[in-house]
**Q** 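Structure incoming, see below.
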Amino acid sequence: MNVVVVESPAKAKTINKYLGRGYEVLASFGHVRDLPAKNGSVDPDHNFKMVWEVDPKAQKRLNDIAQAVKGAGKLILATDPDREGEAISWHVLEILKQKKALTDQNVERVVFNAITKQSVEEAMANPRTIDGALVDAYLARRALDYLVGFTLSPVLWRKLPGARSAGRVQSVALRLVCDRELEIEKFVPREFWSLVATLATPRGETFEARLVGADGQKIQRLDIGSGADAQAFKDALERAAFTVAAIEARPTKRNPYPPFTTSTLQQEASRKLGFAPAHTMRIAQRLYEGIDIGGETVGLITYMRTDGVQIAEEALPSLRKVIGQEYGARYVPEAPRRYQTKAKNAQEAHEAIRPTDVNRRPRDVSRYLEPEQAKLYELIWMRAIASQMESADIERTTVDISAKVGPRLLDLRATGSVIKFDGFLRVYHEDRDDPDEDDETRRLPEMSEGEPLEKRAIAADQHFTEPPPRYSEASLVKRMEELGIGRPSTYASILQVLKDRNYVRLEKRRLYPEDKGRVVVAFLESYFTKYVEYDFTADLEDQLDRVSNNELGWRELLRDFWVDFTGAVDSIKDLRIGEVLTALDEMLAPHIYPPREDGGDPRQCPVCGTGRLSLKIGKFGAFIGCSNYPECRNTRPLGAANGNGVVENGAKELGIDPATGLPVTLRSGRFGPYVQLGEANGDEKPKRAGLLKGTDPNTVTLELALKLLSLPREVGRHPEDGEPIVAGVGRFGPYVQHGKTYASLETGDDVLTIGLNRAVTLIAEKIAKGPRARRFGSDPGRSLGEHPNGGGPVVAKSGRYGPYVSHNGINATLPNDKTLEAITLEEAVALIDARAAKGGGSPRRSGGRKARTKSATNAAAAAPGESAERKPAAKRSARPARPKSATKPAAKSASAKTKTPTAKARTASQ
């Protein structure tokens with residue numbers, strides 16, 4: 001027996017089918033050990049010795065692998081073909097050596113770029129050993145991330161209470177977002193005007209032409225800077241005679257885009273499908289590891305973490321054949337297109353992402369896939385097909401027009417493009433985050449030189465220059481790739497860390513830096529400038545690539561980095577918090593103290609009039625406060641108020657509460673948007689209320705805010721006992737309360753308007769359900785019909801462990817590819833019969849240490865969605881009731897209280 005180790009159970013299932021008997025395929029479930037999150041895990045003083053800790057969740061899986069290997073003839077490590085995959089194989093092998101599970105077994109490392117029968121069999125026929133250089137690159141990267149995090153974070157905690165490092169590479173990505181925001185804040189709009197003439201040919205066909213010159217001088221986009229100048233040109237054009245001066249038609253070709261890399265897949269999935277990079281990679285992982293297609297489990301795409309754009313030679317003929325079948329011979333170029341990868345690290349430049357079999361067309365496999373999987377597969381299929389199609393033929397036409405006004409000569413120009421042959425554009429067109437004006441779809445009418453033109457209209461339009469757009473997730477990934485920051489396997493995790501730590505937020509698919517993120521970046525730029533520079537980070541990535549190419553030792557890289565880094569840390573250890581705040585206050589000034597509309601000092605306190613505003617640090621992070629504290633308690637969030645009463649990243653004033661005279665503001669907090677009454681005053685906190693689920697912050701009015709701030713509110717008195725019924729919003733959503741009974745509001749109920757009768761009904765229904773029903777719910781489910789053998793309804797329900805089907809007390813969990821809405825009676829009967837055949841889910845089955853009582857069986861049937869293997873509620877109800885005299889447990893014996901030295905030692909070693 002040969003043992004094969006892979007990362008995931010889905011991959012194991014697929015490969016096991018290909019290899020058949022003689023092989024046992026086991027999954028490690030990803031990484032099995034890591035550096036423990038405590039000091040000393042990497043020791044620079046002892047040649048960067050690293051202490052690893054096995055994930056407790058992986059311990060059983062590793063024991064299973066070790067047990068299987070002991071009786072095996074060969075161990076085959078078949079994890080993913082990149083640095084992370086190599087590291088997982090190395091970790092598994094090292095642990096097996098520690099467990100002494102290996103004696104004389106052969107150990108082989110195999111890699112495949114696609115999980116298909118052919119690819120797996122070829123890999124098994126060509127094994128190798130573990131690539132030590134790739135493992136070294138992993139060790140260096142992991143040690144760098146650990147050392148930066150555990151050295152820099154304490155510095156941040158001491159100098160900026162409440163702050164922590166975003167991470168070695170994440171900090172640089174955060175700087176990109178913050179720098180772009182600073183560009184936007186510093187941007188000064190510039191006025192300019194455009195003049196466009198609508199003209200007609202002698203045949204009555206109209207088109208538009210722009211003013212591009214006057215009196216022999218070119219007019220650039222920003223040259224007409226005032227309405228007076230624009231009006232003068234417009235008056236001249238109104239009187240002008242227009243003639244076609246020159247026509248240039250220039251044929252061009254547009255070549256197709258290369259197939260997807262990790263970066264371009266994430267960018268296009270974000271633009272076209274609205275997927276976050278991390279979500280894209282999760283779906284791609286499923287498509288790579290294998291999907292059940294008509295009874296055959298097969299990987300649908302090649303490996304999805306890659307810098308490479310090349311396509312395997314054996315895949316090119318099938319791509320060309322499908323293009324001819326689907327679109328015709330004209331769309332097949334004379335020779336296959338061969339793209340060259342730009343990856344600096346050849347070991348990580350795998351083949352581009354493509355379908356493993358292009359004959360599996362999206363329309364044919366979509367019924368086997370979840371909707372999002374089908375969308376991503378179609379995107380990958382179309383991009384791969386388009387990459388091998390003929391170029392598009394485009395004719396670009398430029399028409400120069402003379403406008404004569406007495407002795408003056410004004411120049412206009414019209415441009416347009418005509419697609420003569422669509423080529424690859426028939427299948428795929430790459431989107432852009434910030435599209436410019438495109439003439440590709442603008443077609444010009446037929447004209448000839450010297451032909452007179454008729455003026456139909458002259459338009460003079462005012463414009464203002466705009467700041468650079470904020471990054472989307474797609475454009476940030478693209479920018480990181482351009483700068484050489486990060487690698488294919490890290491793009492998604494970099495963005496996820498920034499969002500998870502609330503350093504950035506995503507609004508309308510654009511990334512906005514949060515105040516805490518801006519403070520951290522400002523600190524790092526002030527005191528650790530080198531380590532957040534784009535060039536330094538990119539150079540470090542290149543050095544890591546050199547390690548993986550066996551050109552540089554990993555410890556040598558760490559030593560060079562560590563000497564400089566510790567010197568930078570030591571240089572600021574004596575800095576006081578006040579000095580740090582002064583430096584950050586100056587650096588963030590354009591953000592927090594923008595110019596006032598009245599021209600006054602932006603730092604003057606608007607409350608006391610004599611104090612100056614400055615950056616402060618409190619328990620919950622940075623804020624702006626008055627220098628006259630405590631006499632003046634004026635504070636505000638870090639964002640600066642603009643002329644519209646909005647505080648960027650802070651609060652928007654909705655109005656004044658008529659009852660208290662205090663301002664009501666809409667704010668954004670770490671748990672989402674909320675409304676607030678007044679401001680903090682010393683230790684007295686202002687009243688706040690979160691927005692109801694589904695409420696658009698842009699639609700919140702003063703009236704709605706006051707209603708939210710009135711919660712919890714008294715609905716009325718209960719007719720039976722006269723006690724108040726209260727409506728409010730809790731951690732589990734809107735509710736009504738009477739005494740100790742809480743009832744959640746149902747769909748259609750509004751916590752702001754619910755009346756007494758409805759509240760009484762909800763409370764009565766909650767009491768009638770009893771404690772168990774209140775705990776587990778009472779989903780009636782969807783009836784699928786009568787069971788063909790023995791009758792009785794078959795019902796599909798949603799339970800605490802997921803969707804399931806039930807018949808006469810037998811519950812069967814739905815597989816992942818089935819949903820409550822789509823499951824049929826025949827499929828449900830098959831699942832229930834299979835469960836009954838195994839002896840599971842039946843109320844008449846006995847098993848375990850004790851036979852179930854009738855009451856336990858009924859309780860088990862009442863717990864929706866639980867299969868026979870997992871019914872904790874049933875087990876509890878099967879136990880005999882504890883006598884009253886035993887309600888308090890007896891005191892533990894001394895031996896029970898005290899751990900033995902052996903137990904302590906075992907705990908310490910784990």
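Note that the numbering runs from 1 along the sequence shown for the chain. Note that the structure is a prediction, hence the values are computed from the model and not measured.
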**Q** Scan for side chain to side chain donor-acceptor pair (under 3.5 Å) pairs involving residues 196-205, sequence neighbours excluded, and state none if there are none.
**A**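 Every pair satisfying side chain to side chain donor-acceptor pair (under 3.5 Å) with a residue in residues 196-205: Arg203-Glu451.
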**Q** Of all heavy-atom pairs between Arg603 and Ala589, which one has the smallest distance, and what is that distance?
**A**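 Between these two residues, the closest heavy atoms are NH2-CB, 4.0 Å.
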**Q** To check you understand the geometry: which heavy-atom pair defines the closest contact between Leu654 and Leu702, and what is its length?
**A**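 Distance-wise, the nearest heavy atoms are O-CB, 3.7 Å.
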**Q** Are Glu533 and Arg175 ion-paired here, with the side-chain N under 4.0 Å from a carboxylate O?
**A**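 Judged by the 4.0 Å cut-off on N to carboxylate O distance, Glu533 and Arg175 do not form a salt bridge.
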**Q** Only pairs under 3.5 Å count here: list side-chain donor-acceptor contacts from residues 214-221, not counting sequence neighbours, and write none if there are none.
**A**
| from | atom 1 | to | atom 2 | distance (Å) |
| --- | --- | --- | --- | --- |
| Asp215 | OD1 | Arg408 | NE | 3.3 |
| Asp215 | OD2 | Arg408 | NE | 3.4 |
| Asp215 | OD2 | Arg408 | NH2 | 3.0 |

**Q** Can you establish whether the number of heavy atoms outside Lys404 located under 6.0 Å from its atom NZ is more than 12?
**A**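 Atom NZ in Lys404 is packed in, count exceeds 12.
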**Q** Let me confirm one number: the CD-CZ distance from Glu334 to Arg320, rounded to the nearest 0.5 Å.
**A**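 Glu334 CD to Arg320 CZ: 9.0 Å, rounded to 0.5 Å.
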**Q** For Tyr257, enumerate each residue passing the ring pair (Phe, Tyr, Trp, His ring centres under 6.0 Å) test, keeping only those at least two apart in sequence or located in another chain.
**A**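 Tyr257 satisfies ring pair (Phe, Tyr, Trp, His ring centres under 6.0 Å) with Phe424 once adjacent residues are dropped.
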**Q** Evaluate the side-chain contact (heavy atoms from CB on, under 4.5 Å) criterion for residues Gln373 and Leu287: first the C-alpha distance (whole Å), next the side-chain angles of each, then the deciding distance (0.1 Å), finally the verdict.
**A** CA-CA 7 Å; Gln373 292 174 348; Leu287 295 175; 4.1 Å; yes
**Q** Near Lys321 NZ, under 6.0 Å, is it more than 12 heavy atoms from other residues, nucleotides or ligands?
**A**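 At most 12 heavy atoms, drawn from other residues, nucleotides or ligands, come within 6.0 Å of this atom.
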**Q** Check ring pair (Phe, Tyr, Trp, His ring centres under 6.0 Å) between Tyr331 and all other residues, then give those that pass, not counting sequence neighbours.
**A**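 In terms of ring pair (Phe, Tyr, Trp, His ring centres under 6.0 Å), with neighbours along the sequence ignored, Tyr331 is linked to Phe421.
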**Q** Which residue, Lys420, Arg250, Arg254, Lys253, forms the salt bridge (charged side-chain N to carboxylate O under 4.0 Å, His left out) with Asp393?
**A**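 It is Lys253; the other options fail the test.
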**Q** Within the structure provided, determine whether Ile458 and Phe233 are in side-chain contact (heavy-atom separation under 4.5 Å).
**A**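 No, their side chains stay 4.5 Å or more apart.
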**Q** Quick one: ring pair (Phe, Tyr, Trp, His ring centres under 6.0 Å) partners of Phe242, sequence neighbours excluded?
**A**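 For Phe242, no residue satisfies ring pair (Phe, Tyr, Trp, His ring centres under 6.0 Å) once neighbours in sequence are set aside.
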**Q** One thing to verify: whether Arg510 and Glu507 come together as a salt bridge, which I'm taking to mean a side-chain N less than 4.0 angstrom from a carboxylate O.
**A**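 No, this pair does not count.
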**Q** Quick one: are Thr280 and Met304 in side-chain contact, heavy atoms under 4.5 Å?
**A**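 Counting from C-beta outward, Thr280 and Met304 never come under 4.5 Å.
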**Q** How would you list, by chain and number, every residue that makes a ring pair (Phe, Tyr, Trp, His ring centres under 6.0 Å) with Phe275, sequence neighbours excluded?
**A**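 Per chain and number, Phe275 pairs via ring pair (Phe, Tyr, Trp, His ring centres under 6.0 Å) with His279.
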**Q** So Trp381 and Leu300, do their side chains get closer than 4.5 Å, heavy atoms only?
**A**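 SC-SC contact between Leu300 and Trp381 ruled out.
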**Q** I'd like to know if the side chain of Glu481 pairs up with that of Ser263 as donor and acceptor (distance under 3.5 Å, no hydrogens or angles considered).
**A**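 Their side chains do contain a donor-acceptor pair, which is all the 3.5 Å distance test asks for.
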**Q** Going by distance alone, is a donor N or O of one side chain under 3.5 Å from an acceptor N or O of the other, for Gln388 and Arg354?
**A**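 Not at all, the side chains of Gln388 and Arg354 share no donor-acceptor pair under 3.5 Å.
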**Q** Does Glu208 pair with Arg210 as a salt bridge, N-O distance under 4.0 Å?
**A**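 So Glu208 does not pair with Arg210 through a salt bridge.
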**Q** Which of these, Arg479, Lys499, Lys478, Arg505, sits in a salt bridge (charged side-chain N to carboxylate O under 4.0 Å, His left out) with Glu473?
**A**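 Answer after filtering Arg479, Lys499, Lys478, Arg505: Lys499.
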**Q** Taking C-beta and beyond as the side chain, do Glu351 and Ile311 meet within less than 4.5 Å on heavy atoms?
**A**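 Yes - at least one pair of side-chain heavy atoms lies under 4.5 Å apart.
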**Q** Would Asp307 and Thr261 count as having a side-chain donor-acceptor pair, cut-off 3.5 Å?
**A**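 Per modelled atom types, Asp307 and Thr261 side chains form no pair under 3.5 Å.
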